[in-house]
Protein chains: 2
Amino acid sequence: MSVEDGIDFAIIELFFFAYRDFTSDPDQILADYGFGRAHHRVLHFVNRRPGLTVAELLDVLKITKQSLARVLKQLIDTDHVVQLQGPRDRRQRELYPTAKGRALALALARPQSRRIHAALEDSGATERTLVERFLEAMVNPELRAQIDVGSAKMSGKSHGEH
Amino acid sequence: MSVEDGIDFAIIELFFFAYRDFTSDPDQILADYGFGRAHHRVLHFVNRRPGLTVAELLDVLKITKQSLARVLKQLIDTDHVVQLQGPRDRRQRELYPTAKGRALALALARPQSRRIHAALEDSGATERTLVERFLEAMVNPELRAQIDVGSAKMSGKSHGEH
DNA sequence: GAGATTATGTCAGTACTATTGACGTAATTT
DNA sequence: AAATTACGTCAATAGTACTGACATAATCTC
């Protein structure tokens with residue numbers, strides 16, 4: 001089983017290395033903007049689920065509003081994200097990426113996407129759904145709802161936009 | 001292909017959620033010791049590759065020695081790790097886990113291992129090697145050497161301990 | 001309509017992990 | 001003997017996170 005004491009050290013370690021390198025690509029780009037990983041995460045989800053509220057964003061990221069405040073303010077000040085008053089509830093702030101924000105989100109996602117495609121090919125294609133299923137199964141069951149919401153589920157053609 | 005603009009947002013997001021929950025299990029235990037994720041990583045690798053030197057550890061973790069210093073000192077002060085003068089080169093400090101350190105490393109790895117096994121089962125067994133290959137392929141090629149070194153490669157029976 | 005609750009923003013203080021730069025000491029290499 | 005290497009340490013800074021407290025405006029409830 002490739003384990004010691006029933007512990008799967010191999011995958012534990014691989015997961016660490018894989019995630020470290022996975023995040024290193026965008027980190028380089030972010031540095032040019034004076035942004036960090038927190039900005040990336042916020043921009044990513046605003047871009048993915050345009051119109052989501054501050055509360056929804058906090059729930060997805062699992063951070064406090066004080067932590068979000070600085071990062072979100074910077075993204076707004078630099079014209080990557082805009083806030084619009086909620087139509088139904090005027091207390092809410094709906095978050096949308098600007099064209100500039102979408103461009104940056106895309107630039108950040110590109111190298112990550114390239115790495116994923118290369119890894120899928122290297123490990124022998126057709127495994128896309130298997131990898132997706134594995135990663136999804138790694139997420140806490142209670143939180144899986146967050147994933148498929150605006151993300152056009154996993155399988156089919158995507159329609160998360162428009 | 002489940003992508004927009006050729007970008008694989010689905011797996012990018014899944015990877016984020018999966019890693020977040022993957023690290024949340026040990027985080028809870030670490031809090032009881034006043035330790036953080038940095039302590040976990042150091043303890044993990046000292047436990048995995050007993051006898052590695054400070055320089056090797058820095059290379060694996062890709063952090064600076066100033067960052068390591070505080071964390072390592074705490075692990076030594078709390079009797080989780082010991083330093084022994086290198087046999088060949090007396091400038092080097094070989095790092096070893098104590099019994100206490102091994103116990104903690106195991107306690108931290110257990111919930112992660114459980115999560116991995118559950119995820120492998122949920123996603124339809126026999127995929128262990130596929131997941132391993134995918135994760136390994138996600139790591140920068142230059143850095144893959146670090147992985148198989150003391151980790152008894154992926155496949156076969158492990159022999160890193162004894 | 002008054003009061004409670006909700007959504008968001010903000011101020012203050014703290015913790016953890018990481019960084020760069022500089023300097024010191026002992027051991028090894030040249 | 002001099003240069004280099006391995007490690008340790010001091011100081012200053014940055015990024016991301018936290019808790020607690022308080023403010024404002026909007027919505028909901030009775």
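Below, read A as the first sequence line, B as the second, and so on, with proteins coming before strands; counting in each chain starts at 1.
- Between A/D59 atom CG and C/dA7 atom P the separation is 11 Å, expressed in whole Å.
- Shortest non-hydrogen contact noted between A/A107 and A/I29 is O-CD1, 3.5 Å.
- Ring to ring, A/F17 and B/F45 are close: their centroids are under 6.0 angstrom apart.
- No engagement by B/E56 is indicated, since no non-hydrogen atom pair under 4.0 Å with the nucleic acid exists.
- By the 4.0 Å N-to-carboxylate-O rule, A/R133 lies too far from B/D122 to be salt-bridged with it.
- Closest to the side chain of B/R93, from the set D/dG8, C/dT17, D/dA6, is D/dG8.
- Taking atom CD of A/Q92 as the reference point, atom P of C/dT6 lies 13 Å away to the nearest angstrom.
- Rounded to whole Å, atom C1' of D/dG15 lies 15 Å from atom CG of A/L68.
- Contact annotation: A/H39 does not reach the phosphate of D/dG15 (side-chain N/O to OP1 or OP2, under 4.0 Å).
- Other residues, nucleotides and ligands contribute at most 12 non-hydrogen atoms within 6.0 Å of the OH atom of B/Y33.
- Taking atom CD of residue B/Q74 and atom P of nucleotide C/dA15, one finds them 13 Å apart after rounding to whole Å.
- More than 12 heavy atoms of other residues, nucleotides or ligands sit less than 6.0 Å from atom NZ of B/K62.
- A straight line from CG of B/L75 to P of C/dT17 spans 10 Å, rounded to a whole angstrom.
- Distance A/L57 CG to C/dG9 P: 11 Å, rounded to the nearest Å.
- Although no hydrogens or angles enter the test, the distance criterion places a donor-acceptor pair under 3.5 Å between the side chain of B/S113 and the main chain of A/D8.
- With rounding to whole Å, A/K73 atom NZ is found 16 Å from D/dT16 atom P.
- Straight-line distance from the CG atom of A/L72 to the C1' atom of D/dG15: 17 Å, rounded to whole Å.
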key: Worked verdict on B/F16 versus A/H44 for ring pair (Phe, Tyr, Trp, His ring centres under 6.0 Å)   = CA-CA 11 Å; B/F16 164 70; A/H44 170 89; 7.8 Å; no
Base-contact (B) and sugar-phosphate-only (S) positions in nucleotides 17-30 of chain D, heavy-atom cut-off under 4.0 Å, - elsewhere = BBBBB----BS---
